[in-house]
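Structure first, commentary second.
Proteins get letters first, then strands, A, B, ... in listed order; numbering begins at 1 in each.
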2 protein chains.
Amino acid sequence: MPRQVDHEGRRLRIARAVFDLVAERGLEGATLRDAAARAGVSMGAVQRCFSTKEEMMAFVLEHMNQRVTDRIEEGIAASADPGSAMTMLEHTLAGIVPLDGPSTAEARVWLAFAAQAAVDPRSAGLQRRQYDRLAELVALLVRTARDSGDVRSDVDPEREADALIALTDGLNVQLLFGRFTPEAAREALRHRLHALRAD
Amino acid sequence: MPRQVDHEGRRLRIARAVFDLVAERGLEGATLRDAAARAGVSMGAVQRCFSTKEEMMAFVLEHMNQRVTDRIEEGIAASADPGSAMTMLEHTLAGIVPLDGPSTAEARVWLAFAAQAAVDPRSAGLQRRQYDRLAELVALLVRTARDSGDVRSDVDPEREADALIALTDGLNVQLLFGRFTPEAAREALRHRLHALRAD
DNA sequence: ACCGTTTCGATGCGCTTGCATCGGATCGTA
DNA sequence: TACGATCCGATGCAAGCGCATCGAAACGGT
């Protein structure tokens with residue numbers, strides 16, 4: 001057998017490089033050559049790790065979603081009162097809004113993929129699945145908070161979850177345009193959640 | 001003097017063609033050749049109408065924003081009670097959310113340009129100016145509605161306007177993903193506005 | 001120690017892109 | 001009617017793209 005290299009590690013390394021490129025120059029700014037150069041590998045290596053560019057991009061998207069999920073769970077675990085559904089809800093949504101440099105890059109990449117999903121059904125499917133999972137989680141949190149008396153009893157968890165997610169995405173866009181500061185976005189989110197509270 | 005052709009009309013014609021292409025295939029799917037073919041003119045004509053592709057795209061964006069503005073004003077004028085700030089507010093926001101085929105195309109193009117603006121400061125400037133104008137209008141409507149007693153007195157017009165715009169943009173994204181129906185989006189918007197009403 | 005097998009990095013290819021260029025058609029003028 | 005200035009549409013061009021291909025290098029089995 002010939003020597004083995006760490007394929008999975010290389011995939012991650014390339015994915016990170018592509019992520020950076022997309023965050024800086026957008027989706028069409030991420031070429032195979034640039035990705036290879038940024039990752040410090042040859043172009044052939046990129047081709048061997050991913051059968052096609054589309055697969056590479058899908059991997060990058062999945063990898064980013066995984067990172068966001070990890071950060072959300074981390075934020076929930078590190079919160080003062082992890083058991084409270086309301087706290088978990090706030091951390092979940094706050095984990096999506098970019099509050100610092102790295103997550104701003106995430107938001108940029110998210111927007112780039114979102115634009116692609118709007119015209120490419122294949123890409124839309126991936127995004128939609130992610131959103132369905134997120135909406136389920138948020139709806140569950142809202143329902144739990146409602147049942148425990150933290151939020152008003154007349155809110156519909158599913159509808160409210162979708163509305164909250166929409167608001168979060170919209171805040172992301174405003175942030176990327178530079179019309180919002182991260183603090184203002186977080187404040188808007190907080191304000192919205194506060195309006196759900198039971199009196 | 002040689003014969004004159006309708007330059008401005010041709011610009012509009014090409015802009016409409018580019019708009020359709022972007023709505024169908026995204027920003028990078030709009031090439032000069034395809035634009036010329038779709039508009040039914042030669043490629044040279046496109047080059048003479050717009051000095052560069054960037055200028056053409058900026059014109060397309062401006063043209064679309066103008067169309068949206070026109071539709072909003074039209075909706076306000078056609079509403080049952082044009083004088084009511086609350087009605088105007090609802091029509092303004094509803095004019096942004098895509099409720100039918102043509103405005104879905106608008107939303108697609110909007111998202112495409114939004115993604116570009118996230119990585120291109122030049123494009124971000126254009127978008128930001130548009131949003132500032134929209135935010136001013138919405139804030140004014142909210143303030144008017146508040147002062148006339150239609151909405152609760154404890155809402156901050158500027159903050160609320162930004163939040164409403166963010167929600168609208170988020171709904172647009174969800175719509176494009178196919179997670180929302182236009183009716184559900186409109187319902188969510190209505191629900192949110194209803195929550196602002198004075199009891 | 002040798003060789004077959006497998007993986008590596010580099011180069012080539014066909015294609016498309018935005019933009020520049022050029023001959024020919026067009027119209028006012030004398 | 002002949003001319004010259006002007007504008008039109010088609011073609012050319014250099015660059016960049018994704019992907020295919022290829023010789024060389026690196027191992028394990030015998």
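- The side chain of B:Thr52 places an N or O atom within less than 4.0 Å of a non-bridging phosphate oxygen (OP1 or OP2) of C:dC19.
- Protein atom CD of A:Gln47 is 16 Å distant from nucleotide atom P of C:dT7, rounded to whole Å.
- Using a 4.0 Å heavy-atom distance criterion, B:Ala30 is classed as a sugar-phosphate-only contact.
- At C:dC8, one or more side-chain N or O atoms of A:Arg10 fall inside 4.0 Å of OP1 or OP2 (strictly under the cut-off).
- Whole-Å rounding puts the A:Glu28 CD to C:dT16 P distance at 19 Å.
- A salt bridge links B:Arg38 to B:Glu24: one of the charged nitrogens lies within less than 4.0 Å of a carboxylate oxygen.
- Distance B:Arg25 CZ to C:dT16 P: 12 Å, rounded to the nearest Å.
- Within the 4.0 Å cut-off from OP1 or OP2 of D:dC8, at least one side-chain nitrogen or oxygen of B:Arg48 is found.
- Using a cut-off of 4.0 Å between Lys/Arg side-chain N and Asp/Glu carboxylate O, B:Glu187 and A:Arg159 are scored as not salt-bridged.
- A cation-pi arrangement is absent between A:Arg108 and A:Phe113 under the rule of less than 6.0 angstrom and at most 45 degrees off the ring axis.
- Between B:Leu27 atom CG and C:dG18 atom C1' the separation is 15 Å, expressed in whole Å.
- Listed candidates were C:dC8, C:dA10, C:dG18. Nearest to the side chain of B:Thr31 is C:dG18.
- The pair A:Arg192-A:Glu160 meets the salt-bridge criterion, with a side-chain N (NZ, NE, NH1 or NH2) lying under 4.0 Å from an Asp/Glu carboxylate O.
- Per the geometry, CG belonging to B:Leu32 stands 15 Å off C1' belonging to D:dT11, to the nearest Å.
- Across the protein-nucleic acid pair, A:Glu55 atom CD and D:dG18 atom P stand 15 Å apart, rounded to whole Å.
- Comment: B:Asp150 does not engage B:Arg197 in a salt bridge, judged by the lack of any side-chain N to carboxylate O separation of less than 4.0 angstrom.
- In this structure, B:Glu54 places its CD atom 16 Å from C1' of C:dT17, rounding to the nearest Å.
- Taking the side chain of A:Ala45 as heavy atoms from C-beta on, and the options D:dG18, C:dG9, D:dG9, the nearest nucleotide is C:dG9.
- Atom-to-atom, CE of A:Met43 to P of D:dA20 comes out at 11 Å; the value is rounded to the nearest Å.
- In this structure, A:Ser42 does not reach the C:dC8 phosphate: none of its side-chain N or O atoms is under 4.0 Å from OP1 or OP2.
- Applying the 3.5 Å distance criterion, the base of C:dG18 shares a donor-acceptor pair with the side chain of B:Arg33.
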